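Atoms within each ligand, like the ligands themselves, are counted from 1 in listed order. The residues of the chain are indexed from 1 along the displayed sequence. Being a predicted model, the structure only gives us computed values, none of them experimental.
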Amino acid sequence: MSGARAATPGTPGTLYVVATPIGNLGDLSPRALDTLRGVDAVCAEDTRHTRQLLAHFGLERPLLALHEHNEAALAEQIVARLRAGESLALVSDAGTPLVSDPGFRLVRAARAAGVRVSPVPGPCAFVAALSVAGLPSDRFVFEGFLPAKPRARRERLAQLAHEPRTLLFYESAHRIEDTLADMAAAFGQARPAVLARELTKLFETVLDGPLQALLDRVRADPDQRRGEFVLLVQGAEETAEAKVAEGRRLYAKLCEHLPPSTAARLAAELSGAPRKALYGGEESGPFR
Ligand code: SAM
């Protein structure tokens, strides 16, 4: 464990993790700007994109491409530069690095090497969406992007069907309709949800309603399928029936790998459902 005070812009040997706008350039903070101005180089997911952002603010800094395909290979090299006393910034194309974006390997390597890693917080699409959705926000689960393949996506949604906390997802324009349809099937058509589109941009829209109504709206209006999306779904109600349904799902899955008695014990523990309710009553279960 290591402790450190917040580093001032340009402190030698520091990796600054800098949030950048998710659309509206006015959201780049003054401290982010100072930091980008003060570092020796900026590690960027897409150097062309970051060059344009810096140019908008009249900045020109050396850029290093750091994306998911080269991050593992480059992390040690970048850490060596930091250890030699350079100060570097890490940015992604939009929002907060490491949030559905590259950077975690570099940050881990830097921390392991005892390098100071300092956040310059700012925009993040799911936090912005949560702040305007009007869904319970004291506890939530950020799921990032769902799997692209329909079968894997439906399996993931089935695993989440009984999650009581508010669920947050990122989704792209070309899958938003399919994802809403799969969610309506997995969570129920009536489950309250919010679709936050193009936040901080010209066509910002925040729609709320039951999943089926959102799906109908998106199907009816091509404009609602354009841009970038955060999809939020209210958590499942914690009823006794919901616990039993979740327990049965877990029991069926665990039985594929474990003896029925162990599967039932684990499923009951994880779901909070009574063990006997999991296999359809006392007569048909493994325990008499
Ligand atoms: N690191 C970013 C962050 O802090 O939010 C997210 C990067 S992730 C690769 C990009 C996804 O974030 C998009 O596909 C979309 O789901 C969501 N997103 C980014 N900007 C958005 C915006 N302005 N409005 C709604 N969703 C957005």
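Within a 6.0 Å radius of CD in Glu256, more than 12 heavy atoms belonging to other residues, nucleotides or ligands are found. In Phe203, the CZ atom is not crowded: 12 or fewer heavy atoms of neighbouring residues, nucleotides or ligands sit closer than 6.0 Å. No more than 12 heavy atoms of other residues, nucleotides or ligands shown are found within 6.0 angstrom of CD on Glu238. By the 6.0 Å contact criterion, CD on Glu68 is open, its count of non-hydrogen atoms from other residues, nucleotides or ligands being 12 or less.
Residue Thr205 forms a side-chain hydrogen bond (donor to acceptor under 3.5 Å, both in side chains) with just one option from Arg197, Arg226, Glu198, and that option is Arg197.
Contacts of ligand 1 (protein heavy-atom distance under 4.0 Å) are Ile22, Ala94, Gly95, Thr96, Val99, Ser100, Asp101, Cys124, Ala125, Phe145, Tyr170, Glu171, Ala196, Glu198, Leu199, Lys201, Glu228, Phe229, Val230.
Side-chain heavy-atom separations under 4.5 angstrom define the hydrophobic clusters, and the remaining members of the one that includes Ile22 are Val99, Phe126, Val127, Leu130, Val132, Leu135, Phe140, Phe142, Phe145, Leu168, Tyr170, Val194, Leu199, Val206, Val230, Leu232.
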